[in-house]
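For reference, the structure discussed in these notes is given below.
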Amino acid sequence: MAAEKGEKGAAAKEVAGERMVTLESSDGEEFHMSEAAAQLSTLLRHVIEGGGIDNGIPLPKVAARTLEKVIMYCEKHAKAAAKSDSDPSAAAGSSSDNTAAASEDLEKWDRKLVNGLSQDALFDLIVAADYLVIDGLLDATCRKVADMMKGKTPDEIRKIFNILNDFTKEEEEEMRREYAWAFDD
Amino acid sequence: MSFRNIVRDVRDGFGSLSRRGFEVKLLDHRRGKSHGAVHELHDPAPVIQNSCWANLPPELLRDVIERLEDSEATWPHRKHVVACADVCQTWREMCKEIVKNPEFSGKITFPVSLKQPGPRDGTIQCFIKRDKSTQTYYLYLCLSSAVLVESGKFLLSAKRTSRPTCTEYTIFMNAHNISRSSKTYIGKLRSNLLGTKFAIYDTQLPCNAANVSQPGKTSRRFYSRKVSPKVPSSTCNIAQVSYELNVLGTRGPRRMNCVMHSIPASSLEAGGTVPCQLDSVLARSLDEPFGSISFSKSSIMDHSMQFSSTRFSDISMSSHRIRDMTLGDNDECKEMPLILRNKAPRWHEQLQCWCLNFRGRVTVASVKNFQLVAATQPTAQPTAGAPNPSQAAPALPPEHEKVILQFGKVAKDMFTMDYRYPLSAFQAFAICLSSFDTKLACE
């Protein structure tokens, strides 16, 4: 890969042979991310391809602590993808076990990432994943929120999501019967 | 934690407050923009904690619910989808959009699934348990593919009552405390004195002249069918089942004939559907007159008021006496009804018995066992000793060869019931119950 520093400007620096992009969080912090990792975000990919990002890519909708997690996710997944691409045994049948194990490990890593977040941080990450269009991260965060909802009563879900119960009395009664039926084991 | 981080967090808190603050909750006057992030943590009101989720954009909420629905595909986990649908109007609509009817998904999710047609591909496998001491029958969704395992999700129950001139099976959507006045009553089966003819009644009208428009996003209608407020426990005759002895008298299997008033014969043709499907499994008795709707907690939200007015504008049957109305009276249902007949068993010379291929789902011989197929032409009558008389019958179109309902014994007081489109679980259950009752002498 020939160095094309001049063309893409300061935004596409090379660090240890890898092209980097600079991102700026909503609160003014600068982050660096490999271009390979940035490709996981459809939004960033389009911005990079569009060129003209001399001073970094501003992300007014993503705060620093969230961007940190986004970059962690993208770097991890970009490395994993590169590894499996360069796997010498990729052509052989035996790699399917390795691929399965590797993807399981990656899933575990994803779960650990989202499990370690506070509710606010999870919320911010889900919104960021949606904004940056990072499918895998959106999937992982959405699953986590879905998990949060499992096992909760409608009232508990309302409390978490701060939702007003707008059913009429009659509808409420039907909801109760429906709920009782569903939970009648 | 570095000073920089603390500053960042506080700044985040303020920043996010102003993002969230625009959504003013009229009912919570304590929440003001002067509150800092730190104060927020100590605020005792439960609504303020974790309030970030209130601002989850609808498309992301939908993403979340889609994943929930996808991951909780089987029972008992599917109950979590029902819990989400019981949160508020918006969530309910979203869930109802995401969850596919049993016709397409093969899954039972909400109670209304029990009155919707079964899958076009494959069958829904259930089992029925009979409790002779209480004269009660329980329908369960099979959770295990093994026939004798009693692992199931409760669907419906039926209580048998003997009367001087008939027998009645009242059907409920709960398993306990069931009585005629129960709010979970969804329909019944009634037999004649001889136990040869049965009528199935639904508490809701599947076809309705007052049917305004299809439920859609704009109307957000909760109720699709209206029952006259004066007659809260009206029922509608949706099907008739009759039993006859076959030409061999009591030496052969009996003949079953089901006329499904609420399902047109065209439903089995290419592109055919079952019209006028229900939104809810229970009939709504409108005991709240328009003027006294209690607006309770939700009053301020515009859409709830919009909702209430569309709901009551649907009433157009208030002067109708519709108790035990037969569907044939209705203009919309003048189409030919679907007729189901039991598949003729074949005489097995070596085993010296009548056989049907139940594909392992029925293991005990019983006169109650049957398979129902759509009738397009009369099924050939089995004659004793004649090998495969039905081979002489002309070939049926493939769609009409499918077994739409299969019922049979697997153990003492335990029976399997497998059904598919265009029957619903409720209809299938009622038809099977008739098989318990018929007093035709058996072999």
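Chain letters run A, B, ... following the sequence lines, proteins first and then strands; every chain starts at 1.
Per-residue counts of heavy-atom pairs under 4.5 Å with chain B were compared for Cys142(A), Gly151(A), Ser118(A); the largest is that of Cys142(A). Among the candidates His80(B), Glu69(B), Glu72(B), the residue making the largest number of heavy-atom pairs closer than 4.5 Å to chain A is His80(B). Contact tally against chain A (heavy-atom pairs below 4.5 Å) for Val112(B), Val87(B), Val82(B): the top residue is Val87(B).
For a residue to count as touching a neighbouring chain, one of its non-hydrogen atoms must lie under 4.5 Å from one of that chain's; by this rule Glu173(A) touches chain B with the side chain only. Contacts of Ile163(A) with chain B are made by side-chain atoms alone, with heavy-atom separations under 4.5 Å and no backbone atom involved. Contacts between Thr109(B) and chain A at a heavy-atom distance below 4.5 Å involve the backbone alone (N, CA, C, O). At a 4.5 Å heavy-atom cutoff, Asp155(A) makes no contact with chain B through either its backbone or its side chain. Interface residue Leu114(B): only side-chain heavy atoms are found under 4.5 Å from chain A.
Here the options are Ile160(A), Asn162(A), Asp120(A), Ile157(A), the test is side chain to side chain contact (heavy atoms under 4.5 Å, CB included), and the partner is Trp53(B); only Ile160(A) passes.
Atom CD of Glu171(A) is separated from atom SG of Cys88(B) by 11.5 Å, given to the nearest 0.5 angstrom. To the nearest 0.5 Å, atom CG of residue Asp63(B) and atom CD1 of residue Ile126(A) are 7.5 Å apart. Taken to the nearest 0.5 Å, the CZ atom of Arg158(A) stands 8.0 Å off from the CG atom of Asp86(B). With values rounded to the nearest 0.5 angstrom, Thr141(A) atom OG1 is found 7.5 Å from Arg67(B) atom CZ. To the nearest 0.5 angstrom, Cys52(B) atom SG is 8.5 Å from Phe161(A) atom CZ.
Of all the heavy atoms in Ala83(B) and Lys152(A), the pair that sits closest is CB-O, 3.8 Å. Taking both residues in full, the closest heavy atoms of Ala85(B) and Met175(A) are given as O-SD, 4.2 Å, listed atom of the first, atom of the second, then distance. Contact detail for Trp181(A) and Ile108(B): the closest heavy-atom pair is CH2-CG2, 3.9 Å. For the pair Arg177(A) and Thr184(B), the tightest heavy-atom approach, listed with the atom from each and the gap, is CD-CG2, 3.5 Å. Nearest heavy atoms, Ala182(A) versus Lys79(B): O-CB, 3.7 Å.
Under the 4.0 Å criterion applied to side-chain N and carboxylate O atoms, Arg92(B) and Glu178(A) are assigned as salt-bridge partners.
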Can you check side-chain contact (heavy atoms from CB on, under 4.5 Å) on Leu60(B) and Leu138(A), steps first, answer last?
-> CA-CA 9 Å; Leu60(B) 287 184; Leu138(A) 185 63; 3.8 Å; yes

